[in-house]
Asker: 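This structure is in structure tokens; I'll ask about it shortly.
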Amino acid sequence: MKIVLVHNTYQQPGGEDAVFEQEQQMLLHAGHQVITYCRSNWDVDSYSGIRRIGLAKRTIWASDTRQEFLQLLRREKPDVVHVHNTFVMISPSIYSACCEAMVPVVQTLHNYRLLCPAATFFRDGKVCEECMEGSLWQGVKHACYHNSHSATAIVALMLATHRLRDTWKREISCFVALSEFARNKFVQGGLPQEKIFVKPNFVYPDPGARTGDGDYALFVGRLSPEKGVNTVLAAWKLLPLSIPIVIIGGGPDQEQLKAEAASSGLTNIHFKGQMPREQTLAAINKARFVVISSEWYETFCMAIAEAFACSTPVICSRMGVMEELVSDGRTGLHFTPSDPDDLALKVQWAWTHPEETRAMGNTARAEYEAKYTAKTNYPQLIEIYQRAVQGLART
């Protein structure tokens, strides 16, 4: 097949960027012809003064991108377009170009942007679904996107405009949800359930199973409120024994968290900042277990799949997709979200029961081999592409 992959990268690299790269490599390795169309949100910094007004407009509809993309489609004549992210610089205008060129579109739902201006269903330290249950303008009232009423209003207007145009339902052939939990949320939010297919992310290349029991705990993720790192620090204050934990990731809360750890005398917490993916996987491979303390509805959680690939068990919040991916007592342990006492109990148990923890890691590795390899993922992706092509052919 000839496939066009579309992605608008963020200023801070994240899981979506890694998934885009991995799927591209998987498709190339399988012999497909892959064309990439990418923009970066770093381009936003070049907009100042009067051009900022134009930036607000292009968030909703970027005419130059639409024309450029339409020319690409007419020149390359791909079988399918697979979109990962259009926010901000690409914009949803490319769906219209695909429709005009009669090329089917597959859209991966990496986050909840189509239902929530902030894309997270998270506000003021807790889950919030007001924009899905009521009006998008709830998000504007609370300044949910970048803590800005005006910026949130632009995102809300983009969503409202394309809901009015019926863009998501008319111009997208198939959606990829990364978990059953996420699929259910998008159906609840009004996307056509017959078009949403569950295909998880995967880990490629295989980092290999760990050989020892690991000598530290590990947190991997963005250091921001929805990730619950404050709960991790609070739990570590309660532990009766000194357990080292390595924290990998950057974000807006990084300096505040480092200062809190230092003021509390938590010398066993080691902040490593953002690290390349290869180094992160190496750190997971040497950890006793990985802690996932998220307090929002993750759509998938790559850190869980990566831990499973390394045969490292996961201690995670008992909510949403984390509860779906991690089997309590088999591939890891659950704790009550935002509850440092419960997390401390689970961490202490896992640390002092290496034999049981090792067994959970072995089961986690088997889970990876059954669900999260490129070999198991590839046929799922191709089947979705074929459904998109067949669906367009029937219209």
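This structure is a prediction, so every number in the text was calculated from the model and none was measured.
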Asker: With distance as the sole test, does Q107 use its side chain to make a donor-acceptor pair with the main-chain N or O of V83 at under 3.5 Å?
Answerer: yes

Asker: Taking only residues two or more places apart in sequence or in another chain, which ones pass side-chain contact (heavy atoms from CB on, under 4.5 Å) with C301?
Answerer: I292, E298, A303, I304

Asker: If you count the non-hydrogen atoms of other residues, nucleotides and ligands that lie under 6.0 Å from NE2 in H353, is the total more than 12?
Answerer: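 Enclosed: over 12 neighbouring heavy atoms sit under 6.0 Å from NE2 of H353.
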
Asker: How long is the gap from CD on E323 to CG on D328, to the nearest 0.5 Å?
Answerer: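 One finds 8.5 Å between CD of E323 and CG of D328.
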
Asker: Does the side chain of R183 come within less than 4.5 Å of F186's, by heavy atoms?
Answerer: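 They are not in contact (no side-chain heavy atoms under 4.5 Å apart), so the answer is no.
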
Asker: In Å and rounded to the nearest 0.5 Å, what is the CG to CD distance from D206 to E369?
Answerer: 7.5 Å

Asker: So does R66 pair up with E100, basic N to acidic O under 4.0 Å?
Answerer: yes

Asker: Name the orientation class of the two ring planes belonging to Y372 and F308 (parallel below 30°, tilted from 30 to 60°, perpendicular beyond 60°).
Answerer: tilted

Asker: Measure the OG1-CG distance between T336 and L343 for me, rounded to the nearest 0.5 Å.
Answerer: 10.0 Å

Asker: With a 3.5 Å distance limit and no angle check, can you tell me whether E324 reaches the backbone of E180 through a side-chain donor-acceptor pair?
Answerer: yes

Asker: Evaluate the criterion side-chain contact (heavy atoms from CB on, under 4.5 Å) for residue pair S96 and E171; output intermediate values, then yes/no.
Answerer: CA-CA 7 Å; S96 171; E171 297 178 351; 4.1 Å; yes

Asker: Are side-chain heavy atoms of K227 and S294 found at a separation under 4.5 Å?
Answerer: yes

Asker: What I'd like to find out is whether the side chain of T352 reaches to under 4.5 Å of the side chain of L241, using heavy atoms alone.
Answerer: yes

Asker: Within the side chain of N8, is there an N or O that forms a donor-acceptor pair under 3.5 Å with the backbone of I90?
Answerer: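 Yes, because the side chain of N8 sits within donor-acceptor range (under 3.5 Å) of the backbone of I90.
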
Asker: What I'd like to find out is whether the side chain of N111 reaches to under 4.5 Å of the side chain of E16, using heavy atoms alone.
Answerer: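 Yes; the side chains approach each other to less than 4.5 Å.
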
Asker: Would you find more than 12 non-hydrogen atoms of other residues, nucleotides or ligands less than 6.0 Å from N147 atom CG?
Answerer: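 Check fails, neighbour count at 12 or below.
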
Asker: Work out which heavy atom in G361 is nearest to a heavy atom in P313; give both atom names and the distance.
Answerer: CA-CD, 3.8 Å

Asker: Looking just at side-chain N and O atoms, do T36 and Q24 make a donor-acceptor pair shorter than 3.5 Å?
Answerer: no

Asker: Is the F121 ring parallel, tilted or perpendicular to the Y297 ring (thresholds 30°, 60°)?
Answerer: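 Ring orientation of F121 relative to Y297: perpendicular.
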
Asker: Between K199 and E383 (salt bridge meaning N to carboxylate O under 4.0 Å), is one present in this structure?
Answerer: no

Asker: Using only atom types and a distance under 3.5 Å, with no angle test, would you say the side chain of N85 pairs donor to acceptor with the backbone of H7?
Answerer: no

Asker: Give a yes or no answer on whether the side chain of K77 reaches the backbone of R74 with a donor-acceptor pair at less than 3.5 Å.
Answerer: yes

Asker: Hey, does the side chain of S179 reach the backbone of T299 with a donor-acceptor pair shorter than 3.5 angstrom?
Answerer: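 Here the side-chain-to-backbone pair exists.
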
Asker: Does any N or O in the side chain of S93 come within less than 3.5 Å of the main-chain N or O of S63, such that one atom is a donor and the other an acceptor?
Answerer: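 Absent.
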
Asker: For T312, run the side-chain contact (heavy atoms from CB on, under 4.5 Å) check against V290, N285, T357, T331 and tell me which one passes.
Answerer: V290

Asker: For the ring pair Y37 and F69, is the centre-to-centre distance below 6.0 Å?
Answerer: yes

Asker: Side-chain contact, heavy-atom cut-off 4.5 Å: H334 with K346?
Answerer: no

Asker: Answer yes or no on whether R288 is positioned over the face of W351, meaning its NZ or CZ is under 6.0 Å from the six-membered ring centre and within 45° of the axis.
Answerer: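 Yes, a cation-pi geometry.
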
Asker: Return yes when atom NZ of K237 has more than 12 non-hydrogen atoms of other residues, nucleotides or ligands closer than 6.0 Å, and no otherwise.
Answerer: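 Buried by this count: over 12 neighbours within 6.0 Å.
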
Asker: Show your working on side-chain contact (heavy atoms from CB on, under 4.5 Å) between F202 and M26 and close with a plain yes or no.
Answerer: CA-CA 10 Å; F202 60 97; M26 180 176 70; 3.7 Å; yes

Asker: Pick one: which of F87, Y95, W168 meets ring-ring contact (aromatic ring centres under 6.0 Å, His included) with H162?
Answerer: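 Of the listed options, the one satisfying the test is W168.
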
Asker: With hydrophobic residues grouped by side-chain heavy-atom distances under 4.5 Å, do L70 and V4 end up in a single group?
Answerer: no

Asker: What's the separation between atom CE in M319 and atom OG in S338, rounded to the nearest 0.5 Å?
Answerer: 8.0 Å

Asker: Output the distance between atom CG (L325) and atom CG (L178), rounded to the nearest 0.5 Å.
Answerer: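 Answer for the CG-CG pair, L325 versus L178, is 10.0 Å.
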
Asker: Side-chain contact, heavy-atom cut-off 4.5 Å: Y385 with L27?
Answerer: yes

Asker: On a heavy-atom basis, which atom in F335 and which in D339 lie closest, and how many Å separate them?
Answerer: CD1-O, 4.1 Å

Asker: side-chain contact (heavy atoms from CB on, under 4.5 Å), that's the test. Do M360 and F289 meet it? Break it down for me.
Answerer: CA-CA 10 Å; M360 287 191 287; F289 48 80; over 6 Å; no

Asker: If every non-hydrogen atom of L218 is compared with every non-hydrogen atom of I245, which pair is closest and at what distance?
Answerer: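 That closest heavy-atom pairing would be N-CG1, 4.0 Å.
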
Asker: Quick one, L109 with L191, criterion side-chain contact (heavy atoms from CB on, under 4.5 Å). Give me CA distance, side-chain angles, the key distance, then yes/no.
Answerer: CA-CA 11 Å; L109 300 165; L191 293 187; 4.1 Å; yes

Asker: Could you measure the distance from the CG atom of N362 to the CZ atom of R210? Nearest 0.5 Å is fine.
Answerer: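 Atom-to-atom, N362:CG and R210:CZ are 8.0 Å apart.
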
Asker: Using the test side-chain contact (heavy atoms from CB on, under 4.5 Å), find all partners of T161 that sit at least two apart in sequence or belong to another chain.
Answerer: I60, L157

Asker: More than 12 heavy atoms of other residues, nucleotides or ligands under 6.0 Å from CZ of R330: yes or no?
Answerer: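 Not more than 12 within 6.0 Å, no.
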
Asker: Which atom names give the shortest non-hydrogen contact between P117 and L136, and what distance separates them?
Answerer: CD-CD2, 4.1 Å

Asker: Please verify the inter-ring angle class for H110 with H84; under 30° counts as parallel, over 60° as perpendicular, anything in between as tilted.
Answerer: parallel

Asker: Tell me, yes or no, whether the heavy-atom count around H270 atom NE2, taken from other residues, nucleotides or ligands under 6.0 Å, exceeds 12.
Answerer: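 More than 12 within 6.0 Å, yes.
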
Asker: Taking the side chain as everything from C-beta on, heavy atoms only, tell me whether V187 gets closer than 4.5 Å to I196.
Answerer: yes

Asker: Search all heavy atoms of W236 against all heavy atoms of I243 and return the closest pair with its distance.
Answerer: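 The pair with the smallest heavy-atom distance is NE1-O, 2.6 Å.
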
Asker: Among E129, E295, E130, which one satisfies salt bridge (charged side-chain N to carboxylate O under 4.0 Å, His left out) with R123?
Answerer: E130

Asker: Are any of the side-chain heavy atoms of I172 and K195 separated by less than 4.5 Å?
Answerer: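 Of all side-chain heavy-atom pairs linking K195 with I172, none is under 4.5 Å.
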
Asker: Are L238 and W349 grouped together when hydrophobic residues (ILVMFWY) are joined by side-chain heavy atoms under 4.5 angstrom apart?
Answerer: no

Asker: Does R387 come within less than 4.0 Å of E194, counting only side-chain N to carboxylate O?
Answerer: no

Asker: If we ignore hydrogens and angles and just use 3.5 Å, is the side chain of S293 paired with the main-chain N or O of G228 as donor and acceptor?
Answerer: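 Such a contact is found between S293 side chain and G228 backbone.
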
Asker: Tell me whether E355 at atom CD has more than 12 heavy atoms from other residues, nucleotides or ligands lying less than 6.0 Å away.
Answerer: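 It does not: E355 CD has 12 such atoms or fewer within range.
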
Asker: Does a side chain donor of either Q25 or E21 reach within less than 3.5 Å of an acceptor in the other side chain?
Answerer: no

Asker: Taking all atoms of both residues into account, what is the closest heavy-atom pair of S317 and M322, and its distance?
Answerer: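 Nearest heavy atoms, S317 then M322: O-CB, 3.5 Å.
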
Asker: Strictly under 6.0 Å, is that where the ring centroids of Y378 and Y204 end up?
Answerer: no

